[in-house]
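Residue numbers start from 1 in every chain, and the chains themselves are labelled A, B, ... in the order their sequence lines are given, proteins ahead of strands.
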Protein chains: 2
Amino acid sequence: MFSKACKYAVKATIYIAVQSGQNTRTSLKDISAKIDSPEAFTAKVLQVLVKNQVIESLKGPLGGFFISNEAAKLITLSHVVYLIDGTETFNSCGLGLKECSECRPCPMHHKFQRIRSELKEMIEKTTIYELVLKVGEGESFLM
Amino acid sequence: MFSKACKYAVKATIYIAVQSGQNTRTSLKDISAKIDSPEAFTAKVLQVLVKNQVIESLKGPLGGFFISNEAAKLITLSHVVYLIDGTETFNSCGLGLKECSECRPCPMHHKFQRIRSELKEMIEKTTIYELVLKVGEGESFLM
DNA sequence: CATATAAAGGACAGTTTTGTCCGAAATTAT
DNA sequence: ATAATTTCGGACAAAACTGTCCTTTATATG
Ligand code: FES
Ligand code: FES
């Protein structure tokens, strides 16, 4: 469904936002420990998020990754997912036809398209902040 | 969502069933031409389906792949998908937690699990025969 | 039996994804 | 300034997925 890179990206963003909520920057080491991900690989993924201004970073001692509370409220799951995995999964034919269209559908289209839309809507409407709240309240977990 | 191998497998099975409906066996060459897939790679995928009795095959002249009408009515999309891609996508945590559970959920669980269930139910309840009918009626296409 | 045809199966190659390593650059504290 | 810390960036390695080629096996036909 989502690539590993994407899962790491989402979990990392959530964790960074949780920490930023208490005004502390988070180091790569801390992140990968708390979301159970390979450190160097996670670094690559985070670089993409930084470059695209989903999160911010600062080098040096006391450095690390962070995200403002306001940003976390604006940024959705889809922002992260589309950056890492692209949009194909959410727009293309489930059986691999070159075009997914109502007028020339694959045999699965009618049923598939509905579910794909729901998934798309879900990631587009869910903000990182929403997810942060659940983790903060101890209702949910990142590893 | 589904791997390429899986997409080829599903489309091939449908096409084979369409042809078997008119009592003709289908050659690999014909299949990959009609579903727009690489021949040799498709062969590998079909071997798995034959070995697991989703479809049948016969060697030699007049040989090819086929599936009985009754089998096509019993076999679901999930049969094919699970054989090629496995069941992980439909049972595991969308964010990669080792367990997907209500009592120890990831922050996305509540929303994700619902959609994943719908997808799972869709592939488990949709028979190959259903899809064959749509193709037969010219309502849908395989390439 | 000889021949032609088509799937089966093994080996291998290319591409993408995932993961590691290490030096460079930036920042802080001493 | 120097040293320590932490991200950045490039190169590389391993694994998984996708794709190809070629030989073997089974079947039908003359
Ligand atoms: S055409 Fe296949 S999902 Fe729309
Ligand atoms: S725990 Fe993540 S989807 Fe269920």
Seminar exercise, completed: Taking C/dT18, D/dT7, C/dT27 as options, the one with an atom nearest any side-chain atom of A/A5 is C/dT18

Problem set entry | Test: B/K134 and B/E130 ion pair at under 4.0 Å | no

Problem set entry | DNA chain D: 5'-proximal contact among A/G60 and A/Q47 (nearest heavy atom) | A/G60

For this session: Spell out yes or no: do the side chain of B/E39 and the base of D/dG19 have one donor N/O and one acceptor N/O closer than 3.5 Å?
Result: no

Exercise. Below 4.0 angstrom from OP1 or OP2 of C/dG19, is there any side-chain N or O of A/Y8?
Worked result: yes

For this session: Using whole Å, report how far CD1 of A/I84 lies from P of C/dT17.
Result: 12 Å

For this session: Take the protein atom CG of B/L28 and the nucleotide atom C1' of D/dT20, then report the distance between them rounded to whole Å.
Result: 13 Å

For this session: Describe the nucleic acid contact of B/L46 in one word from base, sugar-phosphate, nothing, applying a heavy-atom distance below 4.0 Å.
Result: nothing

For this session: Nearest whole angstrom, please: distance from the C1' of C/dG19 to the NZ of A/K4.
Result: 10 Å

Exercise. Is the closest side-chain donor-acceptor distance between A/Y82 and A/E88 under 3.5 Å?
Worked result: no

Exercise. Between D/dA11 atom P and A/F41 atom CZ, what is the distance in whole Å?
Worked result: 18 Å

Exercise. Do B/H110 and B/E102 meet the criterion of a side-chain donor-acceptor pair at a distance under 3.5 Å?
Worked result: no

Problem set entry | Gap between atoms CG and C1', on B/L49 and C/dA8 respectively (whole Å) | 14 Å

Seminar exercise, completed: Rounded to whole Å, NZ of A/K59 lies from P of C/dT27 at a distance of 7 Å

For this session: Using whole Å, report how far CD of A/E88 lies from C1' of C/dT17.
Result: 15 Å

Exercise. Taking atom C1' of D/dA16 as reference, at what distance in whole Å does atom CG of B/D85 sit?
Worked result: 13 Å

Exercise. With a 4.0 Å cut-off on heavy atoms, is A/T42 in touch with a base, just the backbone sugar-phosphate, or nothing at all?
Worked result: nothing

For this session: Verify whether one side chain among B/S37 and B/K11 offers a donor that lies under 3.5 Å from an acceptor in the other.
Result: no

Exercise. Among C/dA7, D/dT20, C/dT20, which is the nearest nucleotide to the side chain of B/S57?
Worked result: C/dA7

For this session: Identify whether the distance between the nearest side-chain nitrogen and carboxylate oxygen of B/D36 and A/K98 falls below 4.0 Å.
Result: yes

For this session: By nearest nucleotide on DNA chain C, pick out whichever of B/K51 and B/L62 is the more 5' one.
Result: B/L62

Problem set entry | Heavy-atom donor-acceptor pair, B/K44 side-chain to C/dG10 base, under 3.5 Å | yes

